[in-house]
Enquirer: 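Please see the structure below; I have some questions.
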Amino acid sequence: MKYFHEQIEAKWQKYWAENQTFAAQNNSEKPKYYVLDMFPYPSGAGLHVGHPLGYIASDIVARYKRHKGFNVLHPQGYDSFGLPAEQYAIQTGQHPEKTTKENIARYREQLDKIGFSFDWSREVRTSNPDYYKWTQWIFIQLFESYYCKQADKAFPISELVKVFEAEGNANVDLVCDDGVELFTAAEWNAFSSEKQQEILLQYRLTYLAETEVNWCPALGTVLANDEIVNGVSERGGHPVIRKKMTQWSMRISAYAERLLQGLETIDWSESIKESQRNWIGKSVGASVTFQVSSSKFQVEVFTTRPDTIFGVTFMTLAPEHELVSQITTPEQKAAVEAYVEATAKRSERERMADVKTISGVFTGAYAEHPFTNEPIPIWIGDYVLAGYGTGAVMAVPCGDERDYAFANFFKGKEGMPEIKNIFNQDISEAAFAEKSGFELVNSDFLNGLDYKSGTKKAIEELEKIKGGKAKVNYRLRDAVFSRQRYWGEPFPVYYVNGMPQMIDAKHLPIILPEVEKYLPTEDGQPPLGNATHWAWDVEKLRVTSCELIDNKTVFPLELNTMPGWAGSSWYWMRYMDAHNENEFASQDALNYWENVDLYIGGSEHATGHLLYSRFWNKFLKDRGFITPEEPFKKLINQGMILGMSAFVYRFYTIPMMGKKATGNFEDVVSRSFTSNIFVSKKLADQFENETYDTDLWSKIMKILNQQIELANSNLKEKESKFTQFTNFKTIPYHVDVNLVNSSDEISLNQLQNWMPEFNNAIFIDENGIETDKIIVGREVEKMSKSKYNVVNPDDICNQYGADTLRLYEMFLGPLEQAKPWNTAGITGVSGFLKKLWRLYFDDNGLIVTNDEPTAEMYKSLHKTIKKVTEDIENFSFNTSVSQFMICVNELAQLKCNHRKILEPLAILVSPYAPHIAEELWSQLGHKGSVSTVAFPVFEEKYLVESEKEYPVSFNGKMRFTIKLPLDLTAAQIEEIVMTDERTQTQLQGRTPNKVIIVPGKIINLVG
RNA sequence: GCGGGUAUGGUGAAAUUGGUAGACACGCCAGACUUAGGAUCUGGUGCCGCAAGGUGUGAAGGUUCGAGUCCUUUUACCCGCACCA
């Protein structure tokens, strides 16, 4: 009986689906284990072999934990709102819902082929109304909450109203917008309800405010900070500009400290934690207030070096700072305005790109030093960022390189005094930016102190004179939550006189309206502005036609939609109780499953999804909906599987750039001639490095020039001819990697079948002679359709089987490491499965006997049990596969066909290769699935050895081995070793100075 | 600039607390069988060397009887943040 994966795999996949083998129960005697994958965005391209890597790893853990007696929750779903579906809709007019559904069907088909043990009965799709109903609900909860700094948690806004009614807001310590006005209880109670609403909005955890946002004109939407990479949009790489817009924001900054502290309690990779720490960007220091001379204005700065307060030489404000226009003197007005305008014109990216150019302008105004009352000139400079701290700095050139550079650049100009040095250090060449190794001088009461004591003392003194206080600053900004897109969650919000009102939760979901086109409206409204049925009737409590808007009973609805991260910030909770219509999940389910024990996904979500999820989790905990502080206890980032691209190399000519060359570069390039000559990497390299011989060169030139002549003869009269150039290069040309899986050669025929553009191609071999086969070049790149290096898991499953795919993906290397895919190596694991099968079957059928196995067989099995158990616990899946191979090789050698060995072996293999394991299990005569059978338990007794092959080293160099009983003492070992003739040969009569014997390990003779 | 990570044969990679470097595979070489297949099986394979032997984990130094592993210095590459006050 031979092993045919085709029959086995389909059969068991069907069995699992029909029997709901992996459906998790929400209560059980067993301990719970929640293992989660980052759910995919279903793109039109389908899965490639990189996508399932993490899913295979998590599936192995899920299956293992079931064997170990856990009640395992292992769900899967789709993050199905998103930009690609919308852009496709814009191009084709197809409803995103339709394409999304099609893509999901394709994904599901591909996933099913790999044999995952997902509990599909709990599938979620973020774009389904019964899911986003609860995303909207959470938004409402955030709106109805505020954050109390003292209690360090969120509370219902209704409680805040009570506080305001009783005592106003002067004595409360709450997270809110900058510059909220102070009021007493009496004043509050006298405010109109509109005014009260306006004030409350400044405290809500999601709020509507005019803020500087990242506007991406090409995408027609705002983006969150984490959606921008190097000043351009993460998707598409479009430029992003700053723009003031009224937008919904999430007050994630309220949670900055808890998000930072929580990192200490979770088992995540150091790099992700570090990314989050960077993103949160905590810095401890002080805020200092400087009075602007002879004016009512004050400038507040944040500094991490209050100890350098006496070194303040000038101050710098960001060009966008609100005081700039108010404090500038008439004499400086023109210069300042010109500078501000020039800066505003530059994009964020430009400013980032040229950080070395120093620019700035003096405002003419002075501030007073809080201790010395000395005048301090106030400058504007674009090295100060409006978005960080207060957008203003106290410049201490002696201790800060940027201030130092700025001071030197404007040295001698009006308003730039001599640098004050407050360190007992030389600053003639550069600033002294160290935080240790100095003593403060010229610093009044700080003289003689160091960084630590000086900081403490300076803050104390500042507090005494009310000139400043200790302050912790965070880089983390509130997250913009509005997107000007169609394919996202609509807000449950309507507007009465411009003030946002929440729709009562019992009317949710507010379903995404139909629109005729998915682009913004002509007057610049988001796509939902195209909807005709998008108004809220407060009497009938339903969405109604926009024509009925009268701002009395029918009001306009919010036109923005939620960002992509909304739906993914809580989905792991929905899996716990995916079909609950009354709650986002029942209390019982939430209490039972708590949080995710193991989360596997890519590291690209470090500062996006993973931070927002922690934020929402903490919020929902504060409001008593859930109990865990953190959503994901352990996180593993699978490395990217890279594609092995294959290239042939094509000649093209470069026109001589000399006197004759006319026109710009593009013109010249357009006159270059791309030939149909393809060569191997080896030859291409020779031409790149100009190490070819002249003979070869002239042969190729001949063919090339023939082609040029031919091309010229086919040109129309007016077209300019290609000249016979003498200068040529090769360009790499991607060919489909699937054409060259098992060999490095590609034939002309293969290429012509693959793509018609190769019909006139000529291959040239290393001797300059036409050939029909050349060796391709290889390079590792990210897998992508355009690079023709995508390997489809379906193809692997069809050819080798899902079990082979699963084993091979694990066998490639450590899970967290990026690694190139190379299908050539797959025969190793494919052969392993065949070998495994042959332990159980010969040509006639099952050969398993009930005979008692030998000690060696037990040893092989138990070694494997031990190794595989440890490996899974340590997520070291690649070494497990090696161990399986070792075990099967050993058992085959031992001709083992013993049930007592082969039965546990089938269970051991089942997390990795579940289909073959199920088949073996059932062929061994068992009913039901192997997936819940107890995992074999390792027993030490089978591994106990009586002898050890000792390595014998001389001066640390291993010379020979000697087999000795393990119960010998060191002295006995020494005696035997010393009398061994090989020892005598090595020593050549010398006596060792020292003999080191570690029983059970090594023998080392020194001297 | 700051922070995180990686570096071992032709290739992917193993190596618990420091204890026989290169397990397991791919590839390659040789052979067996054969219905000549990209099947199966056996042996070999870090490098130099006929061998004895030498040498070898990015580089240099150190600790140790013994270092891929620990310490110091350094180089290259990858990732994150970045005029963050």
Side-chain angles (χ1 to χ4, degrees), chain A residues 229-230 269-279 281-283 285 301-305 308 316 318 351-352 354-358 381-385 387-396 399-403 405-406 433 473-475 603-604 606-607 637 639-640 644 741-744 778 807-808 811-814 816-829 831-832 834-835 838 867 870 874 876 878-887 889 892 949-961 992-998 1000-1007:
Chain A
V229 179
N230 295 328
S269 73
E270 200 45 47
S271 65
I272 296 275
K273 287 199 204 178
E274 201 53 37
S275 288
Q276 295 212 342
R277 284 190 201 109
N278 270 336
W279 196 257
K282 180 181 183 175
S283 44
V301 303
F302 173 75
T303 178
T304 55
R305 296 297 303 273
T308 65
T316 315
R351 264 172 85 171
M352 274 164 56
D354 99 296
V355 293
K356 286 196 183 92
T357 315
I358 295 167
D382 70 355
Y383 80 97
V384 177
L385 305 175
Y388 182 76
T390 60
V393 300
M394 56 179 225
V396 183
D400 184 284
E401 284 164 31
R402 293 152 305 171
D403 297 342
F406 195 83
N473 200 50
Y474 298 92
R475 200 184 73 97
S603 55
E604 65 273 19
T607 48
N637 302 115
M640 198 190 298
M644 180 67 88
N741 271 339
S742 50
S743 95
D744 283 341
R778 304 261 194 187
L807 282 169
Y808 188 54
F811 188 63
L812 277 176
E816 303 191 49
Q817 199 168 297
K819 52 216 164 238
W821 177 270
N822 181 2
T823 304
I826 205 168
T827 52
V829 286
F832 156 75
K834 288 180 195 162
K835 252 191 219 173
R838 279 199 302 275
K867 178 86 177 123
E870 286 170 0
N874 295 323
S876 171
N878 52 329
T879 48
S880 284
V881 182
S882 299
Q883 185 56 42
F884 286 137
M885 290 172 171
I886 294 168
C887 181
N889 286 345
E949 183 107 9
Y950 280 94
V952 183
S953 301
F954 294 81
N955 293 321
K957 281 174 192 159
M958 209 280 286
R959 293 303 172 186
F960 61 87
T961 60
N993 295 337
K994 209 169 174 185
V995 179
I996 286 141
I997 290 168
V998 184
K1001 293 244 161 135
I1002 49 103
I1003 298 161
N1004 192 9
L1005 289 84
V1006 188

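These numbers come from the heavy atoms of this one structure, side chains and all, not from hydrogens, waters or symmetry mates.
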Enquirer: Counting only side-chain heavy atoms from C-beta out, which of B:rU40, B:rG80, B:rG3 sits nearest to A:K834?
Expert: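 Among B:rU40, B:rG80, B:rG3, the one nearest the side chain of A:K834 is B:rU40.
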Enquirer: Taking only N and O in the side chain of A:R838, is any of them less than 4.0 Å away from OP1 or OP2 of B:rC41?
Expert: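 So the side-chain polar atoms of A:R838 do come within 4.0 Å of the phosphate oxygens OP1 or OP2 of B:rC41, strictly under.
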Enquirer: Please report the distance, rounded to the nearest Å, between CD in A:E604 and P in B:rC78.
Expert: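 After rounding, the gap between these two atoms is 19 Å.
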Enquirer: Sugar-phosphate atoms are those with a prime plus P, OP1 and OP2; base atoms are the rest. Using that split, label each nucleotide of nucleotides 10-25 of chain B B, S or - for protein heavy atoms under 4.0 Å, 5' to 3'.
Expert: --BSS--B-BB--BBS
Enquirer: Quick one: pull up OG1 in A:T607 and CG in A:N278 and give me the separation to the nearest 0.5 Å.
Expert: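 The distance works out to 9.5 Å.
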Enquirer: When you compare B:rG68 with B:rU6, how far apart are their C1' atoms, in angstrom units rounded to a whole number?
Expert: 14 Å
Enquirer: Give the rounded distance in Å between these two atoms: CZ of A:R475 and C1' of B:rC83.
Expert: 13 Å
Enquirer: Let me confirm one number: the CE-CZ distance from A:M885 to A:F832, rounded to the nearest 0.5 Å.
Expert: 6.5 Å
Enquirer: Applying a 3.5 Å limit to both distances, which nucleotide forms a Watson-Crick or G-U wobble pair with B:rA21?
Expert: none
Enquirer: B:rA85, B:rC83, B:rC41: which one has an atom nearest the side-chain heavy atoms of A:V393?
Expert: B:rA85
Enquirer: Return the nucleotide paired to B:rG61: Watson-Crick means purine N1 to pyrimidine N3 with N6-O4 or O6-N4, wobble means G-U with N1-O2 and O6-N3, both under 3.5 Å.
Expert: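 Its partner is B:rC71.
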Enquirer: Taking the P atom in each of B:rC81 and B:rC28, what is the distance between them to the nearest angstrom?
Expert: 43 Å
Enquirer: Do A:I1002 and A:M958 come close enough that some side-chain heavy atom pair is under 4.5 Å?
Expert: no
Enquirer: Looking only at atom C1', what distance separates B:rU64 and B:rU74, rounded to whole Å?
Expert: 23 Å
Enquirer: Once you apply the 3.5 Å cut-off to both distances, tell me the Watson-Crick or G-U wobble partner of B:rG27, or none.
Expert: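 Looking at the geometry, B:rG27 pairs with B:rU45.
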Enquirer: How far, in whole Å, is B:rG43 from B:rC24 if one measures between their P atoms?
Expert: 12 Å
Enquirer: On a whole-Å scale, what distance lies between the P atoms belonging to B:rG54 and B:rA21?
Expert: 13 Å
Enquirer: To the nearest angstrom, how far is A:I826 atom CD1 from B:rG38 atom P?
Expert: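 Between P of B:rG38 and CD1 of A:I826: 18 Å.
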Enquirer: Hey, which sits more toward the 5' end of RNA chain B by its nearest nucleotide, A:S275 or A:F302?
Expert: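 Here A:S275 is the residue nearer the 5' end.
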Enquirer: Any side-chain heavy atom of A:W821 sitting closer than 4.5 Å to one from A:L812?
Expert: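 Yes; the side chains approach each other to less than 4.5 Å.
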Enquirer: Hey, which sits more toward the 5' end of RNA chain B by its nearest nucleotide, A:K994 or A:G387?
Expert: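 The answer here is A:K994.
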Enquirer: If you compare every side-chain N and O of A:R402 against the phosphate oxygens of B:rG1 (OP1, OP2), does one of them come in below 4.0 Å?
Expert: no
Enquirer: From A:N637 CG over to A:Q817 CD, what is the distance, rounded to the nearest 0.5 angstrom?
Expert: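 It comes to 13.5 Å.
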Enquirer: At what distance, to the nearest 0.5 angstrom, does OG1 of A:T961 lie from CD of A:E949?
Expert: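 If we round to the nearest 0.5 Å, A:T961:OG1 and A:E949:CD are 3.5 Å apart.
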Enquirer: In whole Å, measure the gap between the P atoms of B:rU17 and B:rC70 for me.
Expert: 10 Å
Enquirer: Distance between the P atoms of B:rC47 and B:rC29, in whole angstroms?
Expert: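 It works out to 14 Å between them.
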Enquirer: Should B:rG38 form a Watson-Crick or G-U wobble pair with both distances under 3.5 Å, which nucleotide is its partner?
Expert: none
Enquirer: When rounded to the nearest 0.5 angstrom, what is the spacing between OH in A:Y950 and CZ in A:F960?
Expert: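 A:Y950 atom OH to A:F960 atom CZ measures 14.0 Å (nearest 0.5 Å).
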Enquirer: Could you tell me the separation between the CG atom of A:L385 and the P atom of B:rC81, rounded to a whole number of Å?
Expert: 16 Å
Enquirer: Hey, could you give me the OH/CG distance between A:Y808 and A:N822, rounded to the nearest 0.5 Å?
Expert: 5.5 Å
Enquirer: Which nucleotide, if any, forms a Watson-Crick or G-U wobble pair with B:rC50, using both distances under 3.5 Å?
Expert: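 For B:rC50, the partner nucleotide comes out as none, under the 3.5 Å rule.
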Enquirer: Which base, if any, makes a Watson-Crick or G-U wobble pair with B:rG80, both distances under 3.5 Å?
Expert: B:rC2
Enquirer: In whole Å, what is the span from the CD1 atom of A:I272 to the C1' atom of B:rG3?
Expert: 14 Å
Enquirer: With the 90 degree cut-off around zero defining syn, does B:rG37 come out syn or anti?
Expert: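 Base orientation relative to the sugar is syn.
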Enquirer: Using whole Å, what does the distance between atom C1' of nucleotide B:rC79 and atom CH2 of A:W279 come to?
Expert: 15 Å
Enquirer: Just confirming the chi classification of B:rG9, syn or anti, using 90° around 0 as the syn window.
Expert: syn
Enquirer: Tell me the interatomic distance from A:D382, atom CG, to B:rC84, atom C1', rounded to whole angstroms.
Expert: 15 Å
Enquirer: Quick one: does A:F811's side chain get under 4.5 Å of A:I826's, heavy atoms only?
Expert: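 Not in contact.
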Enquirer: Rounding to an integer number of angstrom, what distance separates B:rU73 and B:rU63 when you compare their C1' atoms?
Expert: 15 Å
Enquirer: Taking atom C1' of B:rC81 as reference, at what distance in whole Å does atom CD of A:Q276 sit?
Expert: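 Rounding to the nearest Å, CD of A:Q276 and C1' of B:rC81 are 13 Å apart.
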